[in-house]
Amino acid sequence: MPELLKLTTKDFKTDQEVRWCPGCGDYAILAAVQGFMPSLGIKREDIVFVSGIGCSSRFPYYMNTYGMHSIHGRAPAIATGLAASRPDLSVWVVTGDGDALSIGGNHLIHALRRNVNLKILLFNNRIYGLTKGQYSPTSEQGKITKSTPYGSLDAPFNPVSLALGAEATFVARTIDSDRKHLTSVLQAAAEHEGTALIEIYQNCNIFNDGAFEKLKDSSVRDRHLIRLEHGQPITFGAGEDRYGIVRMPDATLKAMPLAEAGDSVLVHDAHADEPDLAFALSRLPDPATLSPTPIGVFRSVRRPTYDTLMSDQLDDAARRLGSGKLDELLTGSDTWTIG
Amino acid sequence: MPELLKLTTKDFKTDQEVRWCPGCGDYAILAAVQGFMPSLGIKREDIVFVSGIGCSSRFPYYMNTYGMHSIHGRAPAIATGLAASRPDLSVWVVTGDGDALSIGGNHLIHALRRNVNLKILLFNNRIYGLTKGQYSPTSEQGKITKSTPYGSLDAPFNPVSLALGAEATFVARTIDSDRKHLTSVLQAAAEHEGTALIEIYQNCNIFNDGAFEKLKDSSVRDRHLIRLEHGQPITFGAGEDRYGIVRMPDATLKAMPLAEAGDSVLVHDAHADEPDLAFALSRLPDPATLSPTPIGVFRSVRRPTYDTLMSDQLDDAARRLGSGKLDELLTGSDTWTIG
Amino acid sequence: MTKQVEKVDRVIIRFAGDSGDGMQLTGDRFTSETAAFGNDLSTLPDFPAEIRAPAGTLPGVSAFQLHFADHDILTPGDAPDVLVAMNPAALKANLKDVPRGGTIIVNTDEFTSRALTKVGYTASPLEDGSLDGYKVHKVALTTQTVKVLEEFDISRKDAERAKNMYSLGLLSWLYHRPTDSTVAFLEKKFAKKPEIAAANVAAFRAGWNYGETTEDFVVSYEIAPAPMPKGTYRNIHGNLALAYGLIAASHASGLPMFLGAYPITPASDILHELSKHKNHGVRTFQAEDEIAGIGAALGASFGGALGVTTTSGPGIALKGETIGLAVSLELPLVICDIQRGGPSTGLPTKTEQSDLFLAMFGRNGEAPVPIVAPRSPADCFDAALEAARIAVTYRTPVFLLSDGYLANGSEPWRIPDVADLPVIAPDFATGPNKVLEDGSEAFWPFLRDPATLARPWAVPGTPGLEHRIGGIEKQDGTGNISYDPANHDLMVRTRAAKVAGIDVPDLEVDDPSGAAKVLVLGWGSTYGPIQAACRRVRREGNQVAHAHLRHLNPFPANLGRILKEYDRVLVPEMNLGQLSMLVRARYLVDAVGYNQVRGLPFKAAELAGVITNLIGTTDAVEGVGV
Amino acid sequence: MTKQVEKVDRVIIRFAGDSGDGMQLTGDRFTSETAAFGNDLSTLPDFPAEIRAPAGTLPGVSAFQLHFADHDILTPGDAPDVLVAMNPAALKANLKDVPRGGTIIVNTDEFTSRALTKVGYTASPLEDGSLDGYKVHKVALTTQTVKVLEEFDISRKDAERAKNMYSLGLLSWLYHRPTDSTVAFLEKKFAKKPEIAAANVAAFRAGWNYGETTEDFVVSYEIAPAPMPKGTYRNIHGNLALAYGLIAASHASGLPMFLGAYPITPASDILHELSKHKNHGVRTFQAEDEIAGIGAALGASFGGALGVTTTSGPGIALKGETIGLAVSLELPLVICDIQRGGPSTGLPTKTEQSDLFLAMFGRNGEAPVPIVAPRSPADCFDAALEAARIAVTYRTPVFLLSDGYLANGSEPWRIPDVADLPVIAPDFATGPNKVLEDGSEAFWPFLRDPATLARPWAVPGTPGLEHRIGGIEKQDGTGNISYDPANHDLMVRTRAAKVAGIDVPDLEVDDPSGAAKVLVLGWGSTYGPIQAACRRVRREGNQVAHAHLRHLNPFPANLGRILKEYDRVLVPEMNLGQLSMLVRARYLVDAVGYNQVRGLPFKAAELAGVITNLIGTTDAVEGVGV
Ligand SMILES: Cc1ncc(C[n+]2csc(CCOP(=O)(O)OP(=O)(O)O)c2C)c(N)n1
Ligand SMILES: Cc1ncc(C[n+]2csc(CCOP(=O)(O)OP(=O)(O)O)c2C)c(N)n1
Ligand code: SF4
Ligand code: SF4
Ligand SMILES: [Mg+2]
Ligand SMILES: [Mg+2]
């Protein structure tokens, strides 16, 4: 099929002017997604992008597929109805940290446990962009913003931990500026059957500039970034300073100099039945400094998808009872006749 | 203070007729809570029960304290406003599996990450009681109910996993019929500063009778129930068949015959900084059979509470700037005078 | 003993007992027998909000009222001729409604001093003369049932439970009901527990025989079948008719139905019913909340389904933002509000008509939504079809405003011929609809049909029609985001014009003499009581007209003219005057409301009184004027 | 060169540029200078929904209009006398509003062919004669600024950015504005970057000097200070005044304020402002969504705080269920809706008055809520105090309906004397309020004050008054759950009577001659345009009356009488006719609407035309009648 379609990146661009701030990380993500789409081998008309509200949620306007820019926080719910009634479509959700985790938190966790066939791209810039800079549920504690001039009080969510606690079958994290990594994660998500959550660290250069600088700056990032790969030992660092992740006697994970760690370095298993390791990995970064941050696929396991199960029930019923006849239904079993 | 108050169980009963179905597990929980209250040493007028909607949410009417029976799913939000503005009160939330995890899921996870000083009693009967028997977000997959005559399709939430993924500082589980255990968990929650979530397995004898029978029936329960105690090895079973929980090389937990397990049996640490162990323990039971189910305190750690932090900010500001003067505020710095 | 048989034209029976006594089932069975017999009928169940309130208490009483007759009737009746009271609480809660001279059948077994005290009786009403004005039949229902079932291998509890079937048997004898269907029903219901089935059948038969034998009952009653139009009939509840109407709309339009719903009384049964019909292609989604329910339905509509959401008032209050989105997206969506007592949680199991304003106005901005209301349980079928027709034809969310009384009430329904159902044409877009200046073709998602003002509905999967829509204001035609002031004004007015221009049949007035000066204008479930009241008024020699709105938005084009033809307009509503306010504003007619918010349908007799009084004032006014 | 000085009585200036050009800041500074000088003034910012739309595009244009005068004025003005256009997009987007003969100051540096093409100019409007009818000043703002700042150790980008200060300096010269406050402002704003501060001050001064020196400007203008009542003044925006009003209410009532809010345009600034004033005991809670925001505020009210929630239309659409709960609980709560263009996401940064229906009716069941609306930016202070007074006195949620125009607009405000503010008495319950039949004392949470019908407010921590409240219907007096039909009817009517009986001042009519036949009835932010229009009409020798509602629910008691005193009632609204519908329904008066939903305030000239026309028809009608 991919050969037949011969779609290019250009086919996925629309005639609408892109209206993010110059320098916004959203541009890089858009380019990566538009670049990735042709490789999906899916016709444009069979792809739908659904978003909520936020800077990030303007995304669908720039994708030459079907699309809906809905209301704040509700995209996962709307997309669930679409995907559950149209299993033939490829449905993508674009959302922000406020959209997905503040007002939309409930829809997100329910979509995850249901395992509807949705690919959710969560643009996490740790701030409310569109409303001009209030703190978000992923902002570090103590953050000074327009709505918290004395510093925010609440501990942030870790979206990966939250998703794993919500029975997610696929959870990954990537970074706006690393196109190659981003594309590889999109690929993995697209191949996954069920709900895939991809957290994308995205720079908002206006209201939270440099939030992920440590993880991007090539001179330091290797010290802070753990690239997870299934079946590979979990290591990071640069030059002399290389570390491996090991499990401590008290069951928590720790970064240990490679030399010391030796054989005890854990090997990543994204396909483990239980999310224990994935969860432990999600706890590694310090919520304030984000170091060390694992990126890549934390978890990817198979579980029947909601939409397939629903279709199966319909097919089963039709097979057992025959396709429903309206007159029989209306008549029922308890009638009487006059005249 | 406890001595001075001399309150008894009776002081916490109201004149309202209790209107649950005969045999409902809610009665046992009510009795346990009323029995526990005097030991708190808090005056009745300083205690507030806030609930949502559901059978369980009728609870406040039966507690002779201040109380509010609010709307479906919103109790954690309402209680957050109350607790944050009145840190002098002892605020309790009563909710059901539908109320807390379906419509109210978002408020619950946000209360947990904020660590507001709330004690949340989640009556989990794995069904919607008040609306007469639809499946809930904790019902086992494939459940046949009024709304799922062909079986439910979605994987249930594990409330303990979800709470841990949402940065909870205190998470426990107990069972309606085990008054002693229930009381001990209430005690631990009351002592905790911050949001405490207690999942209480509760029998709905009308719509989901026997859902927890295995964990209650004295002839079998020891085979299915793991009683967590901080600092103690994690074991269960009866007679010859005793098991210990050990960590497998692939990092997951497993129940192993005690003899085999020997020293490798894990010791419970509810106060561990990281929730890794607590999370792994939460994954032990099979979601369908609930075996083996850990009960007790999974996690209890200290983190500043939202209400205290908020009060501190107010106090700080008053200390630094002096208590606010309205005329100064209204005048501001940029004025002109006429006449 | 030979018994007398009396012919009567109508009877109202109320079964009342504890929540656990099975009164709803008993009432349902009696209704089925009555329907099968061919009487016209109307029912009113009335149960507490608690699942099972403590036994023997007033709040725990559950009742079921049934009105049946040898002629066309309209309401479940004002006051019961017969009250079956299974315990002291049931007697106490219901006695005030039974007119003196009425019949009361009590289960004496439950009149223990403890049970009496529980509801505040100091002496037994069976003994202290307080029932002197009634025909009282004291029956030891429990004891007798248990005795009959001694032989059966069932628990004492199960035997006691069968007392409702004993009472059903007795009443079935009393009114000559056919018994076969109940026997068949019991055998099916307890198919997996044959001993229980047999015991219930035995209790039912024993009740019948008790009536036949005991000297306490000397008269039995015959109510001839009612003459009804030719056809095949069944008895149907409002929620069932509504569910069937939606399935019929799915067939009629060829659109697969998708229901996104969150359980809530009194709407849950629609979810339950629809979830059974998977072989009709119906997808039901129990969402995490009402917002997700409507969101998913809207998502499905975008995908080309017939999106439906069902709820009650508190749910609608949550869905407002998403309804606004649906208005802005211009996608079909059927929103069913089964109204209940408000505000807030209110009276969840009681009926009310107080969400009309919410349906009209409960969204930010100018967001008009058409509103359709059924008038009787069976009419829920047609109303649902009509709501779907409007939604699909005009690409708009539509409100279907039912209520608790319609939802749980029932009446005979002539089963329609499927071939007669209206055709609903979704008319999906299949290709470009616009030639651009440069000659190229394009698809403009907001280029409208000039007649209906509906926009094209292009579903994903259609090649070449890829497009994006959203909740920000759109440029007329292209649908691109536009902040242009004039365009916004245009779009707001166009959406309003689309709804205002919906093709709605003219309102019919029931004014047999043509000489009435008073018009009673109603909507929704008050149809039965209003019509019954008008008949009463006319029987007394007065003239009154009745018009009943199916469409609340837009109003029928002739409504204004009709209103002006009458001296006085009375608008009875189970709210504080919502329709009357809309009518006053629109037509500047001094409509007067008659309003009750009691959680119960109007009583025909009471309404008749109000109408008669109003007719009186008209004459007076006219007298002065002339 | 000596320059001419002309005296004028009023000027309207519009600054327009790219989102990134700092036009809002420029406008704010000019406003501050003007306020300090003592002119009366009124402002209208107008910015895009995007944070920073692509540079040089039409959607990216951000504008700020300021009207100032030597006399009392009411609106930001219809058409600018002076347009400052920082680039071709700004010129193109705004030119149509400038009347022929107006002054246009353009930054020629930005008129590159690329920039021109971007907005669809094929030739430069500076050259092709299309500006022939205007007084055009072509200034190379960017180049000149950069040149002035060559000496400074700042980046080229920072130097270019200072061009807005250069233009501010020029305009300040042109209108004789005092410059001290701007210099002080810049020094404070860039306190941490002294070099940038100095550069901006230098640019500002250079702009002034340019005006003083260049031959391009030969005239400068003087606008004398406006005579205003004695007092100390400041310039204030609506959202700031609203926030201050709430803090004042907290002081006046002694209730600590608790704000539960979720950010949304154009309400967010209130959250931002209130979060600064922790030393006033103000707690601000940024909730996870709007429902949690109002829920938390309600919880805080239960605990004895002044609970407040702030949002815009989409947020109100979500809060409906909780507002219904507040109605049922009868707890004080102030709900601020800063209205914006709808439906759905609509036009987030534009103004509209289309949530009046939502505020009146957006809840299930009969759930009346009082509504208060401010009429001008400064009036938001008084309106907030009034909303809080009603909420606390009557134990009820209250709507405060502001809008985007009031929120971001500004005007001079005479700072009130704190001693003159109204006292708000929360009057907490402190002991039992009921003697039971057995002589014992009890606390009944729904035993009402006979005058106000308010229920007692007993806050947790008060010994002996422990009680439970909830959203299910309550028994009158005791507050226990009650499903009794008559009680429900009573409670619904009592809640309605409580709101209907709120003590609201009589409506005042501005009808100087007393001979007007046409009454213009308005509410909210249309005050300024309506009043300005009426003055115009009167100046032309016609008579017109103006009444403006602060209270939309309940209406002032004398409203009905007033309406009947005029032949015609005109209701101008930035919606499709919401107040006019309420008035028509209530008083059966044939009020005619004049409606616009353009996201902009009415223009006084246009409204004056409409009024004059209507006056014409009245005369005609009368002519026929007499
Ligand atoms: C119901 C509702 N509430 C609030 C808003 C205002 N609002 C729009 S986007 C947004 C948050 C944006 O943050 P995020 O989701 O992180 O997206 P970003 O702009 O950072 O990409 C808010 C609060 C709204 N549009 N609708
Ligand atoms: C907004 C709203 N939606 C739905 C309902 C109907 N409703 C009441 S309780 C309930 C669920 C009850 O389940 P759960 O929370 O598990 O409580 P339980 O009755 O089992 O104790 C539902 C759906 C409601 N009252 N309000
Ligand atoms: S505000 Fe931030 S997130 Fe939004 S477009 Fe600008 S840079 Fe991007
Ligand atoms: S329905 Fe279930 S949960 Fe509700 S009161 Fe009855 S037994 Fe308890
Ligand atoms: Mg963000
Ligand atoms: Mg439950």
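Just so it is clear: chains get the letters A, B, ... in the order the sequence lines come, proteins before strands, and each one is counted from 1. Because only heavy atoms are used, hydrogens play no part in the values below, and waters and symmetry mates are left out as well, while side chains stay in.
Residue contact with chain B, scored on non-hydrogen atoms closer than 4.5 Å, involves the backbone and the side chain of D/Pro463 alike. Contact of B/Ala79 with chain D is not made at all, since no heavy-atom distance falls under 4.5 Å. Interface residue D/Asp289: only side-chain heavy atoms are found under 4.5 Å from chain B. Both the backbone and the side chain of B/His107 come within less than 4.5 Å of a heavy atom of chain D. Contacts between D/Ala35 and chain B at a heavy-atom distance below 4.5 Å involve backbone atoms as well as side-chain atoms. Contact of D/His251 with chain B is made through the side chain alone, with heavy-atom distances under 4.5 Å. Heavy atoms closer than 4.5 Å to chain B are found nowhere in D/Pro227, neither backbone nor side chain. Only the side chain of D/Phe381 has a heavy atom closer than 4.5 Å to any heavy atom of chain B. For a residue to count as touching a neighbouring chain, one of its non-hydrogen atoms must lie under 4.5 Å from one of that chain's; by this rule D/Thr322 touches chain B with backbone and side chain alike. Only the side chain of D/Leu329 comes within contact range of chain B, with heavy atoms under 4.5 Å apart.
Residues B/Tyr27 and B/Tyr62 have side chains not in contact (no heavy-atom distance under 4.5 Å, counting atoms from C-beta outward).
Interface summary for chain B: among D/Ala419, D/Pro460, D/Ser32, the most heavy-atom pairs under 4.5 angstrom belong to D/Pro460.
Salt bridge B/Arg86/B/Asp88: present, at least one basic N to carboxylate O contact under 4.0 Å.
With D/Phe446 as the aromatic partner, D/Arg455 meets the cation-pi criteria of under 6.0 angstrom to the ring centre and within 45 degrees of the ring axis.
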